[in-house]
Amino acid sequence: SIHNKYLWEIKMLKKIKIIEKSTGNLLALYPVRMEFPDYFDEEYFDEAWMFAIYDGVVDPDKRADYNIQFAGEAQPTLLIV
């Protein structure tokens, strides 16, 4: 039913955060829809990394200087699709 589909979509929303290792500063927080069950977490992190490069908040040549990880559930109003 539509109701079950909506609940599934909400449950499948997560946030990915990018943190600068040297300072511990949170540089970016991106909501993502976890809609590809065959994706590895790293593939979602790669997507968030590309958004961070586009937004100019990271040095694209120094990915090792940042931690990228899940940050919990996202609000269902903001989606990266």
Side-chain angles (χ1 to χ4, degrees):
S1 74
I2 292 174
H3 181 67
N4 287 342
K5 182 177 185 295
Y6 178 72
L7 289 177
W8 181 83
E9 286 180 359
I10 289 177
K11 192 168 83 170
M12 299 306 290
L13 296 177
K14 297 235 182 223
K15 290 183 279 189
I16 294 176
K17 61 183 174 180
I18 299 179
I19 298 170
E20 189 173 34
K21 288 180 182 177
S22 62
T23 64
N25 289 339
L26 176 65
L27 301 179
L29 190 62
Y30 296 107
V32 292
R33 187 193 304 254
M34 308 290 291
E35 62 184 336
F36 302 107
D38 55 337
Y39 263 32
F40 293 104
D41 289 350
E42 196 63 36
E43 292 176 274
Y44 289 105
F45 298 160
D46 288 347
E47 188 175 340
W49 178 250
M50 294 307 296
F51 279 107
I53 291 170
Y54 179 80
D55 289 342
V57 296
V58 296
D59 181 336
D61 299 322
K62 296 186 177 179
R63 184 166 173 172
D65 291 351
Y66 306 91
N67 282 324
I68 304 172
Q69 59 200 98
F70 288 113
E73 301 295 318
Q75 296 298 317
T77 52
L78 298 173
L79 298 179
I80 295 174
V81 290

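Hydrogens, waters and symmetry mates play no part in the numbers below; they use all other heavy atoms, side chains included. Residue numbers count from 1 along this sequence.
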What residues form a side-chain hydrogen bond (donor to acceptor under 3.5 Å, both in side chains) with Asp61, not counting sequence neighbours?
-> none

Given a cutoff of under 4.5 Å between side-chain heavy atoms of I, L, V, M, F, W and Y, with clusters grown through shared members, what are the other residues clustered with Ile19?
-> Leu26

Can you list every pair that meets salt bridge (Lys or Arg N to Asp or Glu O under 4.0 Å) and has a residue in residues 16-27, with sequence neighbours left out?
-> none

Could you tell me which residues satisfy side-chain contact (heavy atoms from CB on, under 4.5 Å) with Ala52, sequence neighbours excluded, listed by chain and number?
-> Ile18, Tyr30, Val57, Val58

Leu29, Ile16: one ILVMFWY side-chain cluster at the under-4.5 Å cut-off?
-> no

N/O donor to acceptor pairs below 3.5 angstrom from side-chain atoms of residues 63-71, sequence neighbours left out:
from, atom 1, to, atom 2, distance (Å)
Arg63, NH1, Asp46, OD1, 2.8
Arg63, NH2, Glu42, OE2, 3.0
Arg63, NH2, Asp46, OD1, 3.0
Tyr66, OH, Asp59, N, 2.9

